[in-house]
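Scroll down for the structure; my scribbles are underneath it.
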Protein chains: 2
Amino acid sequence: MVSLKDIAQRCGVSTATVSKALNGQPDIGEETRSRILRIADELGYMANASARALKTKRSYNIGVLFVDPMHGGLAHEFFSTVLDSIRSEAEGHGYDITFINQGLGQREISYLQHCRYRGVDGVVIASVDFTDHMVTELVQSDLPVATIDHVFNDRIAVLSDNLKGMDALVRFVAAKGHRKIALIHGEDTSVTAGRLTGFHRACEELGIQIPDKWIRQGVFHDPKSCYAITRELLEGPERPTCIFFPDDYSCIGGLNAIHDAGLRVPADISAVGYDGIPLSRIVSPVLTTWRQDTEALGSLAAARLIEQIEHPRTAILDRVIVEGRLQEGGSVRQIC
Amino acid sequence: MVSLKDIAQRCGVSTATVSKALNGQPDIGEETRSRILRIADELGYMANASARALKTKRSYNIGVLFVDPMHGGLAHEFFSTVLDSIRSEAEGHGYDITFINQGLGQREISYLQHCRYRGVDGVVIASVDFTDHMVTELVQSDLPVATIDHVFNDRIAVLSDNLKGMDALVRFVAAKGHRKIALIHGEDTSVTAGRLTGFHRACEELGIQIPDKWIRQGVFHDPKSCYAITRELLEGPERPTCIFFPDDYSCIGGLNAIHDAGLRVPADISAVGYDGIPLSRIVSPVLTTWRQDTEALGSLAAARLIEQIEHPRTAILDRVIVEGRLQEGGSVRQIC
DNA sequence: CTAATAAACTTAAACGATTAAGCGGAGGCG
DNA sequence: CGCCTCCGCTTAATCGTTTAAGTTTATTAG
């Protein structure tokens, strides 16, 4: 491969000069600079990221940690759209991304170790379980970190407003006349906590009483678990008229349960998802759901992280809240 | 960060000794080795990937190039499941993966340049358009390359058997009594070519005549385009009884078109997808589709690529065909 | 007893880039 | 004229690892 040395030789200058010319340093003559640039281009020169990283301690690589204990993680549209927006934001700033895993080859290593090994400049974390010991180790390290949908002290957090989203959904279905609402929520995380608060608050303000047996814990992104719970909800002596699901993906499982019970959506039962992933718009009926701005979630996390990496002193390490909006699909009907 | 030097100091040996001890070289005494290993562990030593890559010219990084001109690429379950299996196979061998893009920061660079910059040891390519100039540049370079669903000479190719898949699907619906079959296929790629061949051959062998107007070009992973084409197909004087779609994702668009035309699946029209992504199983009715082994597609591509990287002389650069199987969903009905 | 061999290290160069410090010459100033 | 400044470049060290070649000491063979 062609290196600085080759260019230096061809131009009759030192490698230092070439390096500075290419990096736009001021102490290089205009004539020399343009000659170097021309030759570099001619030879098809491309810097060596490893050498640069070794010397400067900046890899222009950001780590992405997606932990979803149940499934692959990437396989879900929510994660993959967030990932894609992280990727494209990072790319715009000259960064590549590296997936952080535990274990490299046969050796078991922690997330932090993996980050150190690759010398990533920072990490974006989206996880279901932020209490995981290895995740907290990472958050407590000196690496720049941005979390998605979870808050740590003195760390960048990008959040979607779960409380508001749930509040809006409850008000929406209530306005449609629903009072018998069941809620299947995800695992016990801060996301779930926010949604539960929003749900209960809205119900209370609207004077809606929800029996405990209608508040059920399911699993995020798991149509199967929601299928089972939905079947149970439909078997009770009194049936809810509307069911909330932890996300659009598992909502589909719920829809199937409803169909399999011989009922129709929304004629017999209304269904509400969460996330607003593309899938929610291509199914029929289109889901009534809270559309999270996954694009913003990912790109803001990346942008803020890069801001911290590049301007550590002036960067503000607080939370950013991303707006969402209600997607009024056809899965909720007006009753009475 | 703790480096070889620190360990060397603490152990009273040279860095060379430490390096060799950690890498399992034979010319290190047992006692010294275990002392070094212990100290390294105590100090939490982690090698520096950049330094190692710089010296050895091996980054333990493989590039992944997904080009989907229409959409994000990652956002589709087919790609994301393939990606995930590449990732986990690579991880098992001690490799990380890097997305290859054109452009880094403001600068426009080719895929190959990006690969050189990051010093990836090889690339897995999955693309809709393998005739893209930058893709061929990459394939013609000296970098180890494995392609998914496309064959280049003297290159590893991992393919799913599109001809066989299509053949099986045609025979399946024919056995159910369908003779009026419409086919919406994807862009003009080798995947499409294989499927068309399979389709025509099976039809011919079964003595089924398909009018040209029922063979339509759509767009992969684009429910919208399939929606439009489906509407057109339904408007004709004679309606097909079964429609084949380029993939499960866009099949959903077709289902909606059918519903919106006041028809039901499979009662009035049968529908066939392709891929067999998780989505195809959670919709209702479950799609009749050809289930590609995306898991195998990704992990074989990665495994074969790594084989070539690690044993360049003995590696066999040919094609591997991955089996699929028919998923008999409920979207095709028995007629007559 | 000497010489060859083996074992267990060390030395030192190299990978490709960056960057602080130095240096020669031109021009300006008093 | 002598001194200072500034420009434009070079020198040389350094980042953390690897590895070919060399060195020391002990062991074995002849």
Side-chain angles (χ1 to χ4, degrees), chain A residues 1-37 39-40 43-61 94 104 107 113 115-121 310, chain B residues 1-37 39-40 43-61 94 104 107 113 115-121 310:
Chain A
M1 279 298 79
V2 26
S3 70
L4 283 190
K5 217 179 190 169
D6 303 302
I7 301 178
Q9 235 150 38
R10 282 268 253 130
C11 290
V13 295
S14 72
T15 63
T17 306
V18 178
S19 171
K20 291 196 271 190
L22 294 173
N23 290 313
Q25 297 285 67
D27 63 341
I28 301 294
E30 257 329 302
E31 197 190 337
T32 316
R33 182 192 305 280
S34 61
R35 187 156 42 95
I36 290 174
L37 257 47
I39 299 287
L43 299 181
Y45 171 77
M46 185 88 248
N48 178 315
S50 297
R52 178 174 287 169
L54 177 58
K55 181 63 195 176
T56 63
K57 273 125 182 41
R58 291 275 280 98
S59 65
Y60 282 89
N61 232 305
L104 210 44
R107 231 154 92 60
Q113 293 262 303
C115 288
R116 296 240 185 272
Y117 173 59
R118 286 296 174 188
V120 299
D121 298 329
E310 302 191 339
Chain B
M1 280 296 81
V2 26
S3 70
L4 284 190
K5 215 178 189 170
D6 303 304
I7 301 178
Q9 235 150 37
R10 279 269 252 134
C11 291
V13 295
S14 73
T15 62
T17 305
V18 178
S19 171
K20 291 197 270 191
L22 294 174
N23 290 313
Q25 297 286 63
D27 64 340
I28 300 295
E30 258 327 305
E31 197 190 338
T32 315
R33 183 191 305 282
S34 61
R35 188 156 39 96
I36 290 175
L37 258 45
I39 299 288
L43 299 182
Y45 171 77
M46 184 89 250
N48 178 316
S50 296
R52 177 174 290 169
L54 176 58
K55 181 66 195 176
T56 63
K57 274 128 179 38
R58 292 273 282 97
S59 64
Y60 282 90
N61 232 303
L104 209 48
R107 232 153 90 61
Q113 293 261 304
C115 287
R116 297 241 185 272
Y117 173 58
R118 285 296 174 189
V120 299
D121 298 328
E310 302 190 340

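Only this structure's heavy atoms are used, side chains among them; waters, hydrogens and symmetry mates stay out. Letters A, B, ... are given to chains in the order of the sequence lines, protein chains preceding strands, and every chain is numbered from 1.
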- Between atom CZ in Arg58(A) and atom C1' in dC15(D), what is the gap in whole Å? 15 Å
- Would you classify Thr32(A) as touching base, sugar-phosphate or nothing, given that sugar-phosphate means primed atoms plus P, OP1 and OP2, and contacts are heavy atoms under 4.0 Å? sugar-phosphate
- May I have the distance from Lys5(B) (atom NZ) to dT10(C) (atom P), rounded to whole angstrom? 16 Å
- Message: Would you compute the distance between atom CG of Leu104(A) and atom OH of Tyr60(B) and round it to the nearest 0.5 angstrom?
- Response: 10.0 Å
- Any Ser3(A) side-chain nitrogen or oxygen under 4.0 Å from OP1 or OP2 of dG16(C): no
- Query: Any sub-3.5 Å donor-acceptor pair from Arg33(B)'s side-chain atoms to Gln25(B)'s backbone N or O?
  - Reply: yes
- Asn48(B) side chain vs Ser50(B) backbone, donor-acceptor pair below 3.5 Å: yes
- Message: Is it the case that the side chain of Arg52(B) and the backbone of Ala47(B) share a donor-acceptor pair, with hydrogens and angles ignored and the cut-off at 3.5 Å?
- Response: no
- Query: Atom NZ of Lys57(B) and atom P of dT18(D): how far apart are they, to the nearest Å?
  - Reply: 14 Å
- Query: Step by step, would you call Tyr45(B) with Ile39(B) a side chain to side chain contact (heavy atoms under 4.5 Å, CB included)?
  - Reply: CA-CA 9 Å; Tyr45(B) 171 77; Ile39(B) 299 288; over 6 Å; no
- How many Å lie between CG on Asn48(B) and P on dG16(C), as a whole number? 16 Å
- Query: For the side chain of Asp6(A) and the backbone of Ser3(A), is there at least one donor-acceptor N/O pair under 3.5 Å apart?
  - Reply: yes
- Within the structure, does a side-chain N or O atom of Tyr117(A) lie under 4.0 Å from either OP1 or OP2 of dT17(D)? no
- Query: Between the side chain of Arg58(B) and the main-chain N/O of Ala53(B), is any donor-acceptor distance below 3.5 Å?
  - Reply: no
- Whole angstrom value for the distance that separates P of dT18(D) from CD1 of Ile28(B): 12 Å
- Task: Would you classify Leu4(B) as touching base, sugar-phosphate or nothing, given that sugar-phosphate means primed atoms plus P, OP1 and OP2, and contacts are heavy atoms under 4.0 Å?
- Result: base
- Message: Distance check needed: dC9(D) P versus Leu22(A) CG, whole Å only.
- Response: 13 Å
- Task: May I ask you to say what Ala53(B) touches in the nucleic acid, namely base, sugar-phosphate or nothing, with a heavy-atom cut-off under 4.0 Å?
- Result: nothing
- Task: Would you check if the side chain of Thr15(B) reaches a backbone N or O of Ala8(B) as a donor-acceptor pair within less than 3.5 Å?
- Result: no
- Rounded interatomic separation in angstrom, taking CG from Leu43(B) and C1' from dG16(D): 15 Å
- Message: What is the distance, to the nearest angstrom, from the CG atom on Asp6(B) to the P atom on dG16(D)?
- Response: 8 Å
- Task: Between Pro26(B) and Arg52(A), name the one whose nearest nucleotide on DNA chain C is closer to the 5' end.
- Result: Pro26(B)
- Enter the inter-axis angle for the ends of the helix from dC1(C)-dG30(D) to dG30(C)-dC1(D) (five pairs per end, rounded to 10°). 60°
Between the protein and nucleotides 19-24 of chain C, which nitrogen or oxygen pairs are less than 3.5 angstrom apart?
none

- Query: With distance as the sole test, does Asn61(B) use its side chain to make a donor-acceptor pair with the main-chain N or O of Val120(B) at under 3.5 Å?
  - Reply: no
